[in-house]
Amino acid sequence: MDQFRTVLESPFTRLRDMMSPRLARMLPLLRPWLSLDGELRRYFRDPRVRLAMTFQSKYLGMSPFNCPSLFSILSFIEYEYGVFHPIGGCGAVSEAMARAAEDLGATFSLDDPVEEILFRGRKAVGVRSRSGVHECDALVINADFARAMTRLVPDALRPRWSDRKIARKRFSCSTYMLYLGLEGRCDDLAHHTIYLSRDYLGNLDDIERRHVLSADPSFYVQNACVTDPSLAPPGQSALYVLLPVTHQHENVDWSREAPAFRERALDQLAKVGLGDVRSRIVTERQVTPANWDVDHEIHLGATFNLAHNLSQMLYLRPRNRFEGLESVYLVGGGTHPGSGLPVIFESARITSKLVGADLGTAVPVGEDDGLLAPSRIEAGIPEGVDL
Ligand SMILES: Cc1cc2nc3c(=O)[nH]c(=O)nc-3n(C[C@H](O)[C@H](O)[C@H](O)COP(=O)(O)OP(=O)(O)OC[C@H]3O[C@@H](n4cnc5c(N)ncnc54)[C@H](O)[C@@H]3O)c2cc1C
């Protein structure tokens, strides 16, 4: 775990960071030549066990057969430390972080999209948003990488990430979502349920290679009300249904496909004991890859950003201190270490340290504020408090 942290917590801003003796010593452990499935093959013969231990690659929007073995760290963290639910949902974490930032003096301007980044030469000096011009000493971009670059930064200023080069990059899959408010509780359904397609490999191929919709798609259902009743009115349930699907591609026109795919998604729910779901729907929201793209400004609707193949990772991913421009930094799934919430929070810590170092400002991000020991998590005892 400590050795993996070297990769996940370092910025990889220079080519020589890829050749450091420390990283070289880790190669036999990281085994970058292996996929996640290849890594687990060393321990488990039965492919069903490997699937059960590798589906976490979906958090990065990748198949375990393409995902680099480094990301076995995600499965490890889940099994070693457990899976937690923030009361109020994941949004409660963002709100708590916003309160912490406000306590440190940050201000927020919501519903105020940035429409242009202002440059003096190659240096970012501010942004123009709906509410006006805001000057800056340093600019941290959290918007989707490809969308922000192609819309907000002139092509000539980013030769390594020009529109032409971005168009040739590989992007993750997308998701088709149904958010359902149901009459009655679903006490027999666990908080997390994952259904893997009978033709799992075919489903992955449909998503990543053929770019078509599957007849028997894998899906994930979250029934968080069994843990957190605050998520629905008394006597009702809030379900979140996620089907991994291809990112936006000419093969799938969501304006035509969405109604039939909704029916397929509802039919699939019978496979996890929710055969009566249609008659119980009180409220519903559907989000397709086209919605992620157009309404949420995510390039190709690729919800997990640039794919995580080795040619788009570490030094080769858009860097936290963005290359070629001055005073521009990145956080989020498009920069190092990559997509998925755990590593995105790492990107924020890496970038905070870089901004602090460049501006000569102390940042409240410690060196040893990593994971708590499992025994402390189980006992609910924070680091620094004697056991
Ligand atoms: C349905 C779904 C399920 C997922 N499940 C998991 C999971 O189980 N585990 C996991 O680890 N990861 C999961 N992920 C992935 C994870 O949620 C994403 O990787 C992560 O939220 C991306 O974070 P981000 O900071 O890069 O971007 P975002 O969270 O998208 O934040 C970018 C922000 O920038 C704002 N923005 C965009 N353009 C502008 C602009 N011009 N001006 C101002 N603001 C702008 C957006 O409104 C948005 O608030 C899931 C993703 C989806 C979509």
Side-chain angles (χ1 to χ4, degrees), residues 8 55-62 67 71 73-75 77-78 83-86 89-91 93-95 97-98 108-117 126-132 134 136 139-153 171-179 191-194 218-222 224 239-245 247 265 285-308 317-318 320 329-351:
L8 294 173
F55 70 82
Q56 289 84 354
S57 64
K58 276 283 155 207
Y59 304 167
L60 303 162
M62 288 194 86
C67 181
F71 289 106
I73 189 78
L74 293 178
S75 316
I77 288 173
E78 280 198 7
V83 177
F84 293 78
H85 169 82
C90 281
V93 177
S94 306
E95 281 162 18
M97 289 175 80
F108 292 90
S109 178
L110 299 177
D111 198 17
D112 188 14
V114 170
E115 290 161 352
E116 185 186 358
I117 298 176
V127 295
R128 187 173 50 74
S129 74
R130 198 181 280 160
S131 67
H134 309 269
C136 68
L139 178 72
V140 180
I141 301 178
N142 181 211
D144 178 78
F145 170 74
R147 184 59 50 89
M149 285 297 142
T150 52
R151 294 268 169 88
L152 304 177
V153 180
F171 284 86
S172 73
C173 70
S174 186
T175 64
Y176 171 89
M177 307 298 303
L178 281 179
Y179 299 92
H191 185 132
H192 301 287
T193 304
I194 291 169
S218 301
F219 63 92
Y220 162 68
V221 192
Q222 190 191 78
L239 290 193
Y240 155 130
V241 186
L242 182 161
L243 292 81
V245 290
H247 55 232
R285 181 163 174 223
Q286 170 185 252
V287 181
T288 70
N291 296 125
W292 289 124
D293 183 354
V294 176
D295 305 336
H296 297 274
E297 298 291 0
I298 295 175
H299 181 69
L300 297 180
T303 39
F304 308 90
N305 224 297
L306 284 162
H308 295 77
R317 208 165 178 81
N320 303 72
Y329 303 81
L330 304 179
V331 290
T335 187
H336 172 71
S339 190
L341 291 182
V343 287
I344 280 174
F345 287 136
E346 278 307 329
S347 79
R349 298 203 314 169
I350 291 169
T351 298

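Counting convention: from 1, in listed order, for ligands and their atoms alike. Please read all numbers here as calculations on a predicted model, not as lab measurements. Heavy-atom basis, side chains included; hydrogens, waters and symmetry copies ignored. Position 1 is the first residue of the sequence; numbering continues from there.
Annotation: Asn305 places no N or O atom under 3.5 Å from an N or O atom of ligand 1; distance criterion only. Looking at ligand 1, you'll find an N or O of Gly333 within less than 3.5 Å of one of its N or O atoms. Residue-to-ligand polar distances keep Ile344 apart from ligand 1: every N/O pair is separated by 3.5 Å or more.
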> Could you walk me through whether Asp111 and Arg130 pass the side-chain contact (heavy atoms from CB on, under 4.5 Å) check?
Replying inline: CA-CA 9 Å; Asp111 198 17; Arg130 198 181 280 160; 3.5 Å; yes
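For atom 10 (C) of ligand 1, the closest heavy atom belonging to the protein is Leu341 N, 3.5 Å. Among all protein heavy atoms, the one lying closest to atom 4 (C) of ligand 1 is Tyr240 OH, 3.9 Å. Phe304 CE2, 4.6 Å is the protein heavy atom nearest to atom 6 (C) of ligand 1. For atom 8 (O) of ligand 1, the closest non-hydrogen atom of the protein is Tyr59 CD2, 4.0 Å.
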Output a table of donor-acceptor pairs, distance under 3.5 Å, between side-chain atoms of residues 141-148 and any protein atom two or more places apart or on a different chain; print 'none' if there are none.
| from | atom 1 | to | atom 2 | distance (Å) |
| --- | --- | --- | --- | --- |
| Asp144 | OD2 | Arg147 | N | 3.2 |
| Asp144 | OD2 | His299 | N | 3.1 |
| Arg147 | NH1 | Asp293 | O | 3.1 |
| Arg147 | NH1 | Glu297 | OE1 | 2.8 |
| Arg147 | NH2 | Asp293 | OD1 | 2.6 |

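Proximity to Met177 (heavy-atom distance under 4.0 Å) selects the following atoms of ligand 1: 1 (C). Ligand 1 places these atoms under 4.0 Å from at least one heavy atom of Thr303: 53 (C). Interface atoms of ligand 1 facing Thr175, defined by a heavy-atom separation under 4.0 Å, are 1 (C). Near Ser339, meaning under 4.0 Å from one of its heavy atoms, ligand 1 places the atoms 19 (O).
Applying the salt bridge (charged side-chain N to carboxylate O under 4.0 Å, His left out) rule to Glu115 yields the partners Arg128; only residues at least two apart in sequence or on another chain are considered.
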